[in-house]
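None of the values given here were measured: they were computed from a predicted structure.
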Amino acid sequence: MGSFSSERVKQAGIVVPEMKERTILDPTAIRSLLTPGVPLSSINKPLQMVSFLWALYHHGVSGSVLGKWCYVDKTTVGRWIVGLGLEIWPIVSVWIKKQVKATMVYIEEKWLKIQGKWYYWFVVLEAKTGLPILTSLLESRGKWACWWIGAQLKMLG
């Protein structure tokens, strides 16, 4: 999109909305985004754009390409996508926990370096569906960290 002149972009009917609005992720907008049957016109344009970028990223379009298309840096696109995920996860995780009754689980562990410090991100997946039912970011993966994950699983039932 960046290689086209603004006149050609207008002629093609391509509209790149301004993404400077800070109220993209207000709770009512997120709820309307996750409610089936809500008309697209009731969801604000920046949230529509971030959702679209998220879908494109999910289907393999790189962050740098998305950034070029939106005239921003790839880290900005990354913040938008992660921000949307962080807002959606609490709502979706409640739905998952209501639907999934895990009899067998897998525990996946990833190392993450955040501001120069290593953390362990534990994700507990239900064996049949592969859906995450518990996530936790811990500083250690020792005995007590594993005990804590087990205690959280027991609390979930």
Side-chain angles (χ1 to χ4, degrees), residues 17-70 72-157:
E18 284 294 318
M19 299 299 289
K20 294 179 181 167
E21 186 176 325
R22 292 281 183 205
T23 59
I24 293 174
L25 301 176
D26 69 81
T28 55
I30 294 297
R31 290 234 179 252
S32 65
L33 181 67
L34 296 175
T35 305
V38 171
L40 190 59
S41 60
S42 68
I43 300 169
N44 64 18
K45 294 289 184 194
L47 184 56
Q48 288 179 19
M49 187 64 170
V50 172
S51 301
F52 182 61
L53 293 174
W54 191 12
L56 290 174
Y57 185 77
H58 173 74
H59 288 287
V61 179
S62 71
S64 61
V65 170
L66 294 173
K68 287 178 188 173
W69 288 351
C70 294
V72 295
D73 191 65
K74 65 181 178 183
T75 57
T76 303
V77 172
R79 282 194 308 271
W80 292 341
I81 292 171
V82 169
L84 181 59
L86 289 173
E87 290 293 324
I88 287 176
W89 175 247
I91 299 167
V92 173
S93 68
V94 170
W95 297 345
I96 291 171
K97 288 173 187 169
K98 284 182 183 176
Q99 297 294 320
V100 175
K101 298 297 178 201
T103 55
M104 189 167 102
V105 297
Y106 298 120
I107 300 177
E108 180 67 27
E109 164 199 331
K110 299 285 184 200
W111 293 16
L112 298 174
K113 193 171 190 178
I114 302 172
Q115 294 181 348
K117 187 173 180 184
W118 286 101
Y119 292 90
Y120 299 91
W121 183 36
F122 292 92
V123 179
V124 179
L125 304 169
E126 199 269 331
K128 275 188 190 172
T129 62
L131 292 172
I133 57 174
L134 176 70
T135 62
S136 185
L137 188 65
L138 302 174
E139 293 184 12
S140 165
R141 67 175 185 147
K143 174 181 169 182
W144 294 107
C146 295
W147 178 87
W148 191 84
I149 294 291
Q152 295 297 309
L153 280 172
K154 284 182 184 178
M155 285 176 41
L156 288 174

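- In this structure, OH on Tyr106 lies 3.5 Å from CE on Met104, to the nearest 0.5 angstrom.
- Of all heavy-atom pairs spanning Ala145 and Ser140, the tightest one is CB-O, 3.3 Å.
- To the nearest 0.5 Å, atom SG of residue Cys70 and atom CH2 of residue Trp80 are 5.5 Å apart.
- Scanning both residues, Ile43 and Gln48, for their nearest heavy atoms gives O-NE2, 2.7 Å.
- Between Ile81 atom CD1 and Lys74 atom NZ the span is 12.5 Å, to the nearest 0.5 Å.
- One distance of note links CD1 of Ile88 with OG of Ser51; it measures 6.0 Å at 0.5 Å rounding.
- Side chain of Asn44 to main chain of Leu47: a donor-acceptor pair is present (N/O by atom type, distance under 3.5 Å, no hydrogens or angles).
- Note on ring orientation: taking the six-membered ring where Trp is involved, the planes of Phe122 and Tyr120 are tilted (angle from 30° to 60°).
- No side-chain heavy atom of Tyr57 sits under 4.5 Å from any side-chain heavy atom of Val77.
- Scanning both residues, Val38 and Ser42, for their nearest heavy atoms gives CG1-OG, 2.8 Å.
- If you take NE2 on His59 and CH2 on Trp54, they are separated by 11.5 Å, rounding to the nearest 0.5 Å.
- Two residues are said to be in side-chain contact when any heavy atoms from C-beta on lie closer than 4.5 Å; Leu134 and Ile107 fail this criterion.
- Among the candidates Arg141, Glu139, Lys113, the single residue satisfying the side chain to side chain contact (heavy atoms under 4.5 Å, CB included) test with Trp118 is Lys113.
- Considering CG of Leu53 and CG of Leu84, their distance stands at 10.0 Å, rounded to 0.5 Å.
- Of all the heavy atoms in Pro132 and Val123, the pair that sits closest is CB-CG1, 4.0 Å.
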